[in-house]
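A quick write-up on the structure given underneath.
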Amino acid sequence: MISKPHESKPTIVLPLYTNSRWIVDEGGKRVKLACVNWVSHLEPMVAEGLSKQPMDAISKKIVSMGFNCVRLTWPLFLVTNDSLASLTVRQSFQSLGLFESIAGIQANNPSIIDLPLIKAYQAVVSSLGANNLLVILDNRISKPSSSDGNGFFGNQYFDPDLWMKGLTRMATIFNGVTKVVGMSLRNELQGSGQNVNDWYRYMEKAAEAVHSANPDVLVIISGLSYGKDLSFLRNQQVNLTFTRKLAYEVHWNGLSDAKAWESGNQNEVCKREVDNFMRLSGFLLDQGWPLLVSEFGMDLRGTNVNDNRYINCFIGVVAELDLDWSLWTLVGSYYIREGVIGFNEYYGVLDWNWYENRNSSFLQRISALQSPFRGPGLPEDNLHNVIFHPLTGLCVLRESIYKPLKLGTCNKSEAWKYLPQRTLKLKGTDFCIEAFRLGEPAMLGYTCALSSYQWETISDSKMHLSSKVFNGSRACLDVDSENTVVVNSCKCLSRDNMCDPGSQWFKLVDSTNSSYTSPALELDTAFAYPYRSLNLKCFLVIQGTSIRLGHS
């Protein structure tokens, strides 16, 4: 069985470094960043939610949801604009007329109400660290606001020299704070004036400045076009004096291709989106650079068709590539956003009161992604596959040799091997997954040379697992309402934009993260296995060391 690391978290020896495409601790073991974004860059310049709950309670809630890291945003003016930086928390909220929020902070976090804003920010970082959460400081914008004007170097609020000065100050303030493991230099560069030459010029200077001020942190660099495009690095890497401290970040959300998910065939759109991702940024993994998907998310009400379809494809890719990531967002509601007091954030994993989970089933879907499938420190000689189902976030399990396959939590997943013969074999046994008849559960069998045991990935998305049933018809793995893995006709393969293939999407994920031992057949206990051969239903009876076939 595969043990889930965040159930018994290994000790992380800080600071963090990079090892090819992986982020590792000082001992060389992989640390998979499974982060959530916590907003602290809007007009009040205080981490959202502190009027609703004590910061320690919020930190503990983050841990309870399985995250090991917080990407905490901050505006440049927090440390470069003297008139703003000198404000206390109370004064900042008073200036915005947010008197109800003042009362809430006074009740829930009284220790920060009269602290300068930067001290309040430090208090949040300390609370996260005290709860064993890693922290990435994300310079979101310059002027605290939900609007921009901060898009690219030279814009109204984006003076490159002031930016580097602010980054240096922030790096210096948190030098020696061990749980601060990284700094994102700037969020979502954009605009008509963006260009590659200035990107190299200023990003290289800023990276050196941060590393000089705080050599322990990872320097995390984003690209152009709202953080989606790093393609120019394919032929020219940044020129830095330091090593093992550079990582890249990219954003990928349902709006990346407008409404294509809603209007197109999901297999075709998924392929196009994955190809774009690999072309624009994913290639960095093959070049040996860590890549953090620092923003993704969906409307957690479940009513946004575009988001619902995008997230199935995205989760499959994150599992397959075993990416580090940061979810947008923790925030259940804002003090004020776009002029609306108490703005409800439907992408937030917490509800409006910052108390309950907004959508527990979504947290289940991403829980398997919070643990590493492979990487340094995991046993290299134990390569196998897990069969991951993005729609549910679950994996294919066997309850016993003689029962149908089911979906279950991936920490209990079997170790499978997808062999050159195109069979899906239970590692350490002679049993393979069989597609016998349409509408019936998928079972294990041992005549693996038959066509009904041979599986291939089809459709543009490469997420349909297809075989031929006994009568020669093409069939796909599917999941029924009780999470039983069944064999049904393949659906939504092309053209149809109204069809949802989610239940039939599976990913064969390479993994070495396992305490797996070969499942032994219990020869001392009699059991029956429904062996299906041709149109006969038989039972293979194993008792002691004798084996016999008998018709049912």
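Remember, predicted model here, so these are calculated numbers, not experimental data.
Distance check: Leu230 CG to Lys228 NZ gives 12.0 Å after rounding to the nearest 0.5 Å. Rounding to the nearest 0.5 angstrom, the gap separating the CG atom in Asp460 from the CD atom in Glu268 is 5.5 Å. In this structure, Met65 CE and Leu363 CG are separated by 6.5 Å, a value rounded to the nearest 0.5 Å. Within the model, atoms CH2 of Trp455 and OG1 of Thr423 stand 11.5 Å from one another, a figure rounded to the nearest 0.5 Å. The OG1 atom of Thr457 lies 7.5 Å from the CG atom of Leu508; values are rounded to the nearest 0.5 Å.
A donor-acceptor contact closer than 3.5 angstrom links the side chains of Glu208 and Thr241. Side-chain contact, Arg186 with Asn139: a donor N or O sits under 3.5 Å from an acceptor N or O. Between Ser294 and Ser326, the side chains place no donor N or O within less than 3.5 Å of an acceptor N or O (distance only, hydrogens not considered). Judged purely by distance below 3.5 Å, without hydrogens or angles, the side chains of Ser511 and Asn513 never pair a donor atom with an acceptor atom. A donor-acceptor contact under 3.5 angstrom links the side chains of Arg71 and Asn187, judged on distance only. Counted by atom type alone, Tyr226 and Glu188 present zero donor-acceptor pairs between their side chains at under 3.5 Å. Looking only at atom types and distance, the side chain of Asp138 has no donor-acceptor partner in the side chain of Asn37 under 3.5 Å away.
Applying the side chain to side chain donor-acceptor pair (under 3.5 Å) rule to Ser184 yields the partners Glu249; only residues at least two apart in sequence or on another chain are considered. Legend: residues meeting side chain to side chain donor-acceptor pair (under 3.5 Å) with Asp324, ordered by chain and number and at least two apart, are absent. For Arg309, there are no side chain to side chain donor-acceptor pair (under 3.5 Å) partners, not counting sequence neighbours. Remark: Phe362 engages no residue in a ring-ring contact (aromatic ring centres under 6.0 Å, His included) (not counting sequence neighbours). Residues passing the ring-ring contact (aromatic ring centres under 6.0 Å, His included) test with Phe232 are Trp199, Tyr200, sequence neighbours excluded.
Sorted by first and then second residue, the pairs that involve residues 474-489 and meet side chain to side chain donor-acceptor pair (under 3.5 Å), not counting sequence neighbours, are Lys406-Thr484, Glu456-Arg474, Ser466-Arg474, Asp478-Asn488, Asp478-Ser503, Asp478-Gln504.
Salt bridge annotation for Asp56-Lys61: absent, with no cationic side-chain nitrogen under 4.0 angstrom from a carboxylate oxygen.
Taking the six-membered ring wherever Trp is involved, the centroid distance between the rings of Phe296 and Trp328 does not fall below 6.0 Å.
The aromatic rings of Trp38 and Trp354 sit tilted, their planes meeting at an angle between 30° and 60°.
Atom NZ of Lys417 is surrounded by more than 12 heavy atoms from other residues, nucleotides or ligands within 6.0 Å. For Lys491, the NZ atom counts as densely surrounded, since its 6.0 Å shell holds more than 12 non-hydrogen atoms of other residues, nucleotides or ligands. At most 12 non-hydrogen atoms from other residues, nucleotides or ligands lie less than 6.0 angstrom from CZ of Arg495. Counting heavy-atom neighbours within 6.0 Å of Asp496 CG, excluding the residue itself, gives a total above 12.
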Exercise for review: Run the numbers on Asn385 and Asp510 for side chain to side chain donor-acceptor pair (under 3.5 Å), then give the verdict.
Suggested key: CA-CA 5 Å; Asn385 302 113; Asp510 288 340; 3.0 Å; yes
Point to revise | Step-by-step side-chain contact (heavy atoms from CB on, under 4.5 Å) determination, Tyr347 to Asp307 | key: CA-CA 10 Å; Tyr347 281 64; Asp307 281 359; 2.5 Å; yes
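Relative to the ring axis of Tyr17, Lys245 places its NZ or CZ within 45° and under 6.0 Å from the centre.
For the pairing with Cys69, the side chain to side chain contact (heavy atoms under 4.5 Å, CB included) check across Ile62, Val36, Leu128, Ile136 returns one residue only, Ile136.
Annotation: side chain of Leu240 is in contact with side chain of Leu246 (closest heavy-atom distance under 4.5 Å).
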